**Q** 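Let me begin by handing over the structure; questions about it come next.
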Amino acid sequence: MARSNEAAAEALTEFADLIAIMGGDSYRIRAYEKAARSVAGFAHDLDRLDVKGLQAIPAIGKALAEKLVEFRETGSIHELDELRAQVPAGLRALLGIPGLGPKKARQVYDQLGISSLGELLDALAAQGLRDLPGWGAKTEENLTRSIRQMQEAGGRIPLGAALSQAEEMVAALEGVAGVRRITYAGSLRRMQDTIGDIDLLVASTDTEPVMAAFTSLRTVDHVLAQGSTKSSVVTAKGIQVDLRVVSPDVWGAALLYFTGSKAHNVRIREMAVRAGLKLSEYGLFHADDETLVAAETEEDVYEHLGLPWIPPTLREDRGEVEAALAGSLPDLVDIGHIKGDLHMHTDLTDGLASLEDMVAAAKAHGYRYCAITDHAPLLTMQRMTPEKALEQRARLAKLQEHAGLALLHGSELNIQEDGSLDWPDEFLAGFDVLVASIHSHFRLSKAAMTKRIIRAMENPYVNVIGHPTTRNLTKRPPVEFDTEEVFKAAARTGTALEINSFPDRLDLSDQMARTAREYGALFAIDTDSHSVVHLDNLRFGVATAQRGWVEHKQVVNTWSLRDLRRFVERKRSRATT
DNA sequence: GCCGTTTTCGGCCCGACTGTTTTCAGTCG
């Protein structure tokens, strides 16, 4: 994704937030929000487009096209600057608190002068908000809880945002004189769902120019430390980035060391000690005479410890060392195994791209098949109807004639509070494949939630449970259900559990996928794409699956079309016999 | 602010939930 698109989308989103706080017209707000999503999901680089070209982007008219040009040329938009002058910076951040929207944000500012998270917390602690009109004890309680949940996330950055920041910096430094190798390490290389800070590793014999280039990167806001082998900066987005420079001949040892995890490193260092060796970021040495054993590649170091190379996504000391020793590391799913995406939206509901464009994008990804799964009627805002679904099916059949990959017609159904679904079985039977997801009633009791999900899985037409816990990494905790019961039921009913690749979701999480796998459940790694560019998120879902030790055989969308259809048919026929 | 086979004005994503209120406002998906 082009960086300029993201930056422009962020400016438009901020615009929308500020208009909302100022009490502006709700349709105008929505227009900005929609434009932001459209720009972020636009497949081409905005930088190449003039006012006229920009207007060809959906949801961008003349006014916004001009603002986008202004943004590109000056780095800002004067109307946005004027709004910023009227709304304290901290106030917008309050909108990130679930349960607190623009009206309440404005209210606490106007009536109590609160314009930061800290001030809001103080007021909540002092019970100073319950007397405001429309507020009460319960509101205070809910907001306090929301904030606590946010803080427990610890200001960590979702994987997607961290990775694009890291890749941008790696690309900018790759060409610097003296840089022999460069990569990101740490939790980012292990593809953990959230990242505390970014670790970059450079192999070079000439550190000065590398450090100078690093600390003066455009994205750097300020420098925390600058030395000859290690420097730390904070980016404009508030992300800390550490850069280490090592000699090229110890690249492998350093990469191993800085990739971690700490727990994994401790385990293999213990192994080294027992073998009369010593492992550090500078290499594997004989303990007695300090002669070098291995350092140049990770494979080398692992091999001299008696281990095969262990994929970074497994390096958490969750049994990978034992498995490696026993020769039983999982045959992990990889991005090349994926034969199709089973969860994609189009502009028939809340997607941004047309059916034709989504199909073309799936084809461009080299898929053998893809499923179009627009929202079902009970998500009322999407205004789906049986007629529209059938019409889409007819269009899909027409596209199939020259598609070059198998086009499956599906839908993303809504699991209701009692586990029932949008359409009767007779209508569901007309689809090729169906995803069912929770989009409402997140706070049911654990028992009710368990029963609800299992009932949905028992429907013979439900093939995939979409984003099973509905968690949002920055906003919403996962719903609670009895994992053992649900995962057992998934295995028993022949229902795949989705590993949703959206960077804010990554749902199932790595740990839950690992548990589900132990109960014999199958998986679908989907992108839940709402635009063409979202198809690229697949790598996050695949990495999450790897972290959950998921093997490719356990992922239904690595199967051939024939096997996938059998999977669907088997469940359906079991129900009728 | 966008958009148009209902085309330059007047619609636009609608309904549920929560907590507040005593008929409704704000938030969310």
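Residue numbers start from 1 in every chain, and the chains themselves are labelled A, B, ... in the order their sequence lines are given, proteins ahead of strands. Source: prediction; values computed, not measured.
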**Q** Take atom CZ of A/Arg130 and atom P of B/dT20, then tell me their distance rounded to the nearest Å.
**A**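 Nearest whole value for this atom pair: 9 Å.
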**Q** Could you walk me through whether A/His534 and A/His343 satisfy the ring pair (Phe, Tyr, Trp, His ring centres under 6.0 Å) test, starting with their C-alpha distance in whole Å, then the side-chain angles of each, then the deciding distance to 0.1 Å, before giving a yes or no?
**A** CA-CA 11 Å; A/His534 291 161; A/His343 189 169; over 10 Å; no
**Q** Can you tell me, in whole Å, how much space there is between the P of B/dA25 and that of B/dT20?
**A**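 Per the computed distance, 16 Å lies between those P atoms.
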**Q** Measure CG/A/Asn414 against P/B/dG15 and give the value in whole Å, please.
**A** 15 Å
**Q** How would you list, by chain and number, every residue that makes a side chain to side chain donor-acceptor pair (under 3.5 Å) with A/Glu66, sequence neighbours excluded?
**A**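 A/Lys62.
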**Q** Between B/dG15 atom C1' and A/Leu378 atom CG, what is the distance in whole Å?
**A**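 Going from CG in A/Leu378 over to C1' in B/dG15 covers 11 Å.
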**Q** Distance check, P atoms only: B/dT23 and B/dC28, in whole angstrom units.
**A** 26 Å
**Q** Can you tell me if A/Asn142 touches the phosphate of B/dT18, counting only side-chain N or O atoms and a distance under 4.0 Å to OP1 or OP2?
**A**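 For B/dT18, neither OP1 nor OP2 has a side-chain N or O of A/Asn142 closer than 4.0 Å.
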**Q** If we take the P atom in both B/dG26 and B/dT21, what is their distance in whole Å?
**A**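 Result for the P pair: 13 Å, nearest Å.
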**Q** Could you work out the separation of B/dT5 and B/dG1 based on their C1' atoms and round it to a whole Å?
**A**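 The answer is 23 Å between these two C1' atoms.
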**Q** Counting only Watson-Crick pairs (N1-N3 plus N6-O4 or O6-N4) and G-U wobbles (N1-O2, O6-N3), all under 3.5 Å, who is the partner of B/dT8?
**A** none
**Q** Mind checking what makes ring-ring contact (aromatic ring centres under 6.0 Å, His included) contact with A/His530, not counting sequence neighbours?
**A** A/His345
**Q** Partners of A/Glu458 by side chain to side chain donor-acceptor pair (under 3.5 Å), sequence neighbours excluded?
**A** A/Arg492
**Q** Should we count NZ of A/Lys388 as having more than 12 external heavy atoms under 6.0 Å?
**A** yes
**Q** Taking atom P of B/dC2 as reference, at what distance in whole Å does atom CG of A/Leu54 sit?
**A**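 These atoms are roughly 12 Å apart.
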**Q** Tell me if a side-chain donor or acceptor on A/Gln165 pairs with a main-chain N or O of A/Ala161 at a distance below 3.5 Å.
**A**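 Not at all, since once roles are kept as given, no pair shorter than 3.5 Å links the two residues.
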**Q** Kindly point out which of B/dG19, B/dG1, B/dC17 is positioned nearest to the side chain of A/Tyr32?
**A**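 Between B/dG19, B/dG1, B/dC17, the one nearest the side chain of A/Tyr32 would be B/dG1.
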**Q** Mind checking what makes side-chain contact (heavy atoms from CB on, under 4.5 Å) contact with A/Glu141, not counting sequence neighbours?
**A**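 A/Lys138.
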**Q** Is the phosphate of B/dT18 approached by A/Thr139 (side-chain N or O, under 4.0 Å from OP1 or OP2)?
**A** no
**Q** If you measure from the C1' atom in B/dC12 to the same atom in B/dT6, how many Å do you get, rounded?
**A**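 Pairwise C1' distance, B/dC12 against B/dT6, rounds to 14 Å.
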**Q** Would you find a donor on one side and an acceptor on the other, under 3.5 Å apart, between the side chain of A/Asp482 and the backbone of A/Glu484?
**A** yes
**Q** Contact list please: residues 59-75 of chain A against DNA chain B, heavy atoms, distance less than 4.0 Å, in numerical order.
**A** A/Ala59, A/Ile60, A/Gly61, A/Lys62, A/Ala63, A/Leu64, A/Lys67
**Q** Show me the pairs that pass side-chain hydrogen bond (donor to acceptor under 3.5 Å, both in side chains) and involve residues 97-109 of chain A, at least two apart or across chains.
**A**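 Listed by first then second residue: A/Arg106-A/Asp110, A/Gln107-A/Trp135.
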**Q** Scan A/Ala137 against the nucleic acid and name what it touches under 4.0 Å (heavy atoms): base, sugar-phosphate only, or nothing.
**A** sugar-phosphate
**Q** What pairs of donor and acceptor atoms, side-chain ones from residues 422-435 of chain A against any protein atom, are under 3.5 angstrom apart with sequence neighbours left out?
**A**
| from | atom 1 | to | atom 2 | distance (Å) |
| --- | --- | --- | --- | --- |
| A/Asp422 | OD1 | A/Asn414 | N | 2.6 |
| A/Asp422 | OD2 | A/Leu378 | N | 2.8 |
| A/Asp422 | OD2 | A/Asn414 | ND2 | 2.8 |
| A/Asp425 | OD1 | A/Asn459 | ND2 | 3.0 |
| A/Asp432 | OD2 | A/His409 | N | 2.6 |

**Q** Suppose we screen for side chain to side chain donor-acceptor pair (under 3.5 Å). Which residues come up paired with A/Arg130, at least two apart in sequence or across chains?
**A** A/Glu140
**Q** Going 5' to 3' along nucleotides 21-29 of chain B, which nucleotides have protein heavy atoms under 4.0 Å from the base (write B), which only from the sugar-phosphate (write S), and which from neither (write -)?
**A** -----SSSB
**Q** Mind checking ring-ring contact (aromatic ring centres under 6.0 Å, His included) for A/Phe540 and listing every partner two or more places apart, or none if nothing turns up?
**A** none
**Q** Taking CD from A/Glu33 and C1' from B/dG1, how many angstroms apart are they, rounded to a whole number?
**A**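 Whole-Å distance recorded here is 12 Å.
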**Q** Considering only atom P, compute the distance from B/dC17 to B/dC13 and round it to an integer number of Å.
**A** 22 Å
**Q** Which protein N or O atoms sit under 3.5 Å from an N or O of nucleotides 9-12 of chain B?
**A**
none

**Q** Not counting sequence neighbours, which residues clear side chain to side chain donor-acceptor pair (under 3.5 Å) with A/Asn142? List them please.
**A** A/Arg145
**Q** At under 4.0 Å, does any side-chain N or O of A/His441 touch on OP1 or OP2 of B/dC17?
**A**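 Result: yes.
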**Q** Say we look at B/dC2 and B/dT7: how far apart would their C1' atoms be, to the nearest angstrom?
**A**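 Pairwise C1' distance, B/dC2 against B/dT7, rounds to 13 Å.
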